[in-house]
Amino acid sequence: MNDGSHPRFFWQFPMRPIREKGLAEALPDDGHLRILFLWGKDCPNCDIAKGQILLTPERFVWPDVEWMHDNVYEDPSMGTHFGLHGIPAFFVFRGAKKLGRISQWPGTDAFVAAIEKLRGET
């Protein structure tokens with residue numbers, strides 16, 4: 001999977017690939033937190049996010065959080081599903097409930113702080 005300036009990103013920071021067609025099944029109502037990373041090949045802002053994640057990947061791993069991803073250029077129905085107006089976009093779910101959306105890339109500290117806050121909410 002070649003995806004821009006970080007062609008091995010998904011091998012270095014594993015995320016489960018998902019398509020819009022399988023989204024409901026990927027979000028069981030089990031109380032777990034899931035982050036859906038929507039990106040596109042050759043998207044400069046997506047490459048910035050990937051690069052910053054790879055600088056300190058341990059900051060983006062939590063025992064109770066599962067990462068998923070989808071290339072919305074290959075799966076435009078996912079972009080339509082969420083009404084995207086730009087990527088990258090990160091959607092955070094607890095079970096099937098959408099808790100929030102992080103649009104664009106706010107930087108490592110802001111992203112981690114937002115996820116930590118959501119992890120603390122039950």
Under a 4.5 Å side-chain heavy-atom rule over Ile, Leu, Val, Met, Phe, Trp and Tyr, are [X] and [Y] clustered together?
{"X": "Val61", "Y": "Phe93", "answer": "no"}
{"X": "Leu27", "Y": "Ile35", "answer": "no"}
{"X": "Val72", "Y": "Met68", "answer": "yes"}
{"X": "Leu118", "Y": "Ile53", "answer": "yes"}
{"X": "Phe82", "Y": "Val92", "answer": "no"}

Tell me every residue that passes side chain to side chain contact (heavy atoms under 4.5 Å, CB included) with [X], counting only those two or more places apart in sequence or in another chain.
{"X": "Pro106", "answer": "Ile102, Ala110, Phe111"}
{"X": "Lys117", "answer": "Glu121"}
{"X": "Pro57", "answer": "Phe13"}
{"X": "Glu74", "answer": "Arg19, Asn71"}

All salt bridge (Lys or Arg N to Asp or Glu O under 4.0 Å) counterparts of [X], not counting sequence neighbours:
{"X": "Asp30", "result": "Arg34"}
{"X": "Arg16", "result": "Glu66"}
{"X": "Glu116", "result": "Arg119"}

Check: Trp67 side chain, Phe60 main-chain N or O, donor-acceptor pair, under 3.5 Å
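Checking the backbone N and O of Phe60 against the side chain of Trp67, a donor-acceptor pair under 3.5 Å is found.
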
Look only at the side chain of His6 and the backbone of Asp47, and say whether a donor-acceptor pair between them is shorter than 3.5 Å.
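Present.
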
Please determine whether side-chain contact (heavy atoms from CB on, under 4.5 Å) holds for the pair Ile87 and Asn45, giving the CA-CA distance in whole Å, both sets of side-chain angles, and the decisive distance to 0.1 Å.
CA-CA 7 Å; Ile87 51 175; Asn45 291 328; over 6 Å; no

Closest non-hydrogen atom pair, Lys50 against Trp39:
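Looking at all heavy atoms of both residues, the shortest contact is NZ-CE3, 3.4 Å.
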
Mind listing the closest non-hydrogen atom pair of Gly40 and Cys46 along with its distance?
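That closest heavy-atom pairing would be N-SG, 3.6 Å.
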
Which pairs pass side-chain hydrogen bond (donor to acceptor under 3.5 Å, both in side chains) with one or both residues in residues 79-88, sequence neighbours excluded?
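Output for this query lists Glu20-His81.
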
What salt bridge (Lys or Arg N to Asp or Glu O under 4.0 Å) pairs are there with at least one residue in residues 98-110, not counting sequence neighbours?
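Qualifying pairs, neighbours excluded: Arg59-Asp109.
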
Determine, step by step, whether Glu58 and Thr56 satisfy the side-chain contact (heavy atoms from CB on, under 4.5 Å) criterion, reporting the C-alpha distance in whole Å, the side-chain angles of both residues, the deciding distance to 0.1 Å, and the verdict.
CA-CA 5 Å; Glu58 66 282 355; Thr56 56; 3.7 Å; yes

Side chains of [X] and [Y]: does their closest heavy-atom pair fall under 4.5 Å?
{"X": "Lys97", "Y": "Leu99", "result": "yes"}
{"X": "His69", "Y": "Leu38", "result": "no"}
{"X": "Met78", "Y": "Phe91", "result": "no"}
{"X": "Phe10", "Y": "Phe37", "result": "yes"}
{"X": "Val112", "Y": "Trp62", "result": "yes"}

Of all residues at least two apart in sequence or in a different chain, which pass the ring pair (Phe, Tyr, Trp, His ring centres under 6.0 Å) check with Tyr73?
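Not a single residue meets the ring pair (Phe, Tyr, Trp, His ring centres under 6.0 Å) criterion with Tyr73.
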
Using the side-chain contact (heavy atoms from CB on, under 4.5 Å) rule, take Leu36 and Ile18 through it: C-alpha gap first, then chi angles, then the decisive distance, then the call.
CA-CA 9 Å; Leu36 174 60; Ile18 189 72; 3.5 Å; yes

Those residues that, when tested against Trp105, pass side chain to side chain donor-acceptor pair (under 3.5 Å) (two or more places apart)
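By the side chain to side chain donor-acceptor pair (under 3.5 Å) rule, Trp105 matches Gln52.
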
